[in-house]
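Written out below as structure tokens is the structure these notes cover.
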Amino acid sequence: MDAKPKKSILFVCLGNICRSPLAEGVFAAVLEEKRLSEHFELDSAGTGGWHAGSAPDPRSVAIAASHGIDISGQKARKVNADDFSRFDLILAMDRSNVEELQRLAPAAARERIHLFLEFADGNVRDVPDPYYGGPDGFAAVYRMIRDASDVLSSRLAERMSVSRSGHASSTM
Ligand code: 4NP
């Protein structure tokens with residue numbers, strides 16, 4: 001029996017075609033590996049809407065695929081007002097995304113907005129925008145997201161009292 005509410009996480013970047021779809025896909029894969037998927041709801045969005053409806057950038061699709069993760073079915077969308085009540089955590093890829101989200105969010109939701117890497121491991125760093133760079137940028141972004149997802153998924157699972165087997169703790 002598992003009556004625990006799911007933790008919902010929205011990953012946010014600027015365009016929702018490079019970093020945040022990768023973060024959603026990688027975090028989902030890490031949860032799957034740890035048998036924690038049933039405890040989480042994930043989505044991603046962009047603060048800008050220019051790419052709404054588009055699949056992720058082919059370079060993000062490729063780096064994910066090279067690690068066995070399929071993000072090709074995702075569709076970009078813009079952050080909307082409902083997101084600030086729907087999601088427990090809103091994790092932004094860089095500090096300009098955090099600023100834009102803080103500007104858009106109602107006061108009550110502001111504490112749910114965090115810089116992704118800082119929230120994962122305490123170090124204040126951006127996931128840099130790889131859009132105008134080459135494939136090395138996407139590999140670096142993948143690695144940062146992967147490491148952060150490993151740490152964050154373990155920390156959240158501990159805080160939610162769900163064991164590595166994915167079942168709710170009997171002491172809760
Ligand atoms: P993302 O990358 O924010 O990681 O999805 C970008 C994608 C598109 C643009 C900028 C960043 N753009 O300016 O179109």
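Counting convention: from 1, in listed order, for ligands and their atoms alike. By convention here, the first residue in the shown sequence is residue 1.
- With respect to Glu158 and Arg155, no salt bridge is recorded, no charged nitrogen being found less than 4.0 Å from a carboxylate O.
- If you number the atoms of ligand 1 from 1 as listed, the ones under 4.0 Å from a heavy atom of Gly15 come out as 1 (P), 3 (O), 5 (O).
- Of the possible donor and acceptor atoms, none in the side chain of Arg112 sits under 3.5 Å from a partner among the backbone N and O of Ile90.
- Near Cys18, meaning under 4.0 Å from any of its heavy atoms, are these atoms of ligand 1: 1 (P), 2 (O), 4 (O), 5 (O).
- Considering backbone and side-chain atoms alike, Asn16 places an N or O below 3.5 Å from some N or O of ligand 1.
- Between the side chain of Asn97 and the backbone N or O of Asp94, at least one donor-acceptor pair lies under 3.5 Å.
- For ligand 1, the polar-atom distance check finds an N/O of Ile17 within less than 3.5 Å of one of the ligand's N/O atoms.
- Side chain of Asp88 to main chain of Ser8: a donor-acceptor pair is present (N/O by atom type, distance under 3.5 Å, no hydrogens or angles).
- In this structure, of Phe138, Tyr131, Tyr132, the residue bringing a heavy atom nearest to atom 9 (C) of ligand 1 is Tyr131.
- The protein atom (non-hydrogen) at minimum distance from atom 4 (O) of ligand 1 is Arg19 NE, 2.7 Å.
- Here His51 has side-chain heavy atoms under 4.0 Å from ligand 1, and that is the only part of it that gets that close.
- By the 30° and 60° cut-offs, the orientation of the rings of His67 relative to Tyr142 is parallel.
- Of the polar atoms of Cys13, none of the N or O atoms is found under 3.5 Å from an N or O of ligand 1, judged by distance alone.
- Side chain of Glu24 to backbone of Ser44: a donor-acceptor contact under 3.5 angstrom is found.
- The residues Glu33 and Arg146 are annotated as salt-bridged, a charged nitrogen and a carboxylate oxygen being separated by less than 4.0 angstrom.
- Taking atom 2 (O) of ligand 1 as the reference point, the nearest protein heavy-atom neighbour is Asp129 OD1, 3.3 Å.
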